[in-house]
> 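Below are the structure tokens for one structure; questions will follow.
Note: hydrogens, waters and symmetry copies are ignored here, and every other heavy atom, side chains too, is used. None of these values were measured; they are calculated from a predicted model. Every number for a ligand or one of its atoms is a count from 1 in the order of the listing. Along the sequence shown, the residues carry numbers beginning at 1.
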Amino acid sequence: MSIAANTNDMANDMAESDATFGAGGSEPYATALRRNESAVLHLHDDLEGTVSASSTMDVAKWNADADAADLTLLRSVTGPVLDIGCGPGRMVRAARSLGIEALGIDVSPTAVSIAIDAGLAVIQGSIFDPMPSEGQWQTALLVDGNIGIGGDVSAMLQRCTELLSPTGEIVVELHADPEHDRTYRGMLVGTDGTASASFPWAEIGLERLLERAAALGLVSRQSWLVAGRSFVRLAPAA
Ligand SMILES: C[S@@+](CC[C@H](N)C(=O)[O-])C[C@H]1O[C@@H](n2cnc3c(N)ncnc32)[C@H](O)[C@@H]1O
């Protein structure tokens, strides 16, 4: 299957209905990517807009090569792989080095331009807009918390099922706590204190994800822990 795509069409089709991860405001995500720095994700209370928790997101890691846990994951998947929210493309690069056909998609123009400059197969656009090769992807990859994109876990799983071939699988990196289930508005804050617009995000652990998956006719084929990270492989129930 060819994964060539028209990047201009994808960008033009992108929905602008809500801010996405780290975008807007002073664009701290783009800055952190360019400077290879970390950034802090602040979780906001939906009603009052107050900061209720925060966690450091290692943006620099996304510019680096895939680590041992990433490689373990990739060695177990079948191509063609669609890396959803691929950032600057470390998983696409690693997949290519393993001989696995892979395409990344990301809304961030900065992330996509870093990936393209590195010669990687990455397109700019939202995963919720029309994609090349819908219904033909063998693996939909959601790592680094990307199941949280859009702040609606079920909508993301549903979208992945539309993209997959009938024998395809969704591989999801989960929150370490299996019972964790939280949807919120986040705001990314850079090391210089500049903030993004607020954006919808979600975090979910294994047990709660499996409930949402079951409602969509998806079952777990495998779940595993490696280097403190939790993953699950989902597929349509036979
Ligand atoms: C937590 S970061 C993950 C970074 C990435 N996996 C890496 O290795 O660099 C989330 C990524 O999802 C992207 N994103 C957010 N909303 C998106 C959407 N609707 N469609 C595609 N990508 C999206 C962001 O631009 C960001 O690069």
> Can a donor-acceptor pair be found, under 3.5 Å and without considering hydrogens, that links the side chain of D70 to the backbone of M91?
no
> Among protein heavy atoms, which lies nearest atom 23 (C) of ligand 1, and at what distance?
V107 CG2, 3.4 Å
> Would you kindly specify which portion of N146 sits under 4.0 Å from ligand 1, judged on non-hydrogen atoms: side chain, backbone, both or neither?
side chain
> Among pairs that include at least one residue of residues 20-34, which meet salt bridge (Lys or Arg N to Asp or Glu O under 4.0 Å), considering only residues two or more places apart or in two chains?
none
> Among all protein heavy atoms, pick the one closest to atom 12 (O) of ligand 1 and tell me residue, atom and distance.
G85 CA, 3.4 Å
> Taking a cutoff of less than 4.0 Å between a non-hydrogen atom of the residue and any ligand atom, is R90 in contact with ligand 1?
yes
> Check D106, L142, I105 against I127 for a side-chain contact (heavy atoms from CB on, under 4.5 Å) and give me the one that passes.
I105
> Who's closest to atom 25 (O) of ligand 1 heavy-atom-wise, of D70, D106, D129?
D106
> Looking at ligand 1, does A111 have a heavy atom less than 4.0 Å from it?
no
> Taking the six-membered ring for Trp, are W201 and F21 parallel (under 30°), tilted (30 to 60°) or perpendicular (over 60°)?
tilted
> Which atoms of ligand 1 have any heavy atom of P88 under 4.0 Å away?
9 (O)
> State which residues pass ring-ring contact (aromatic ring centres under 6.0 Å, His included) with F231; sequence neighbours excluded, sorted by chain then number.
W224
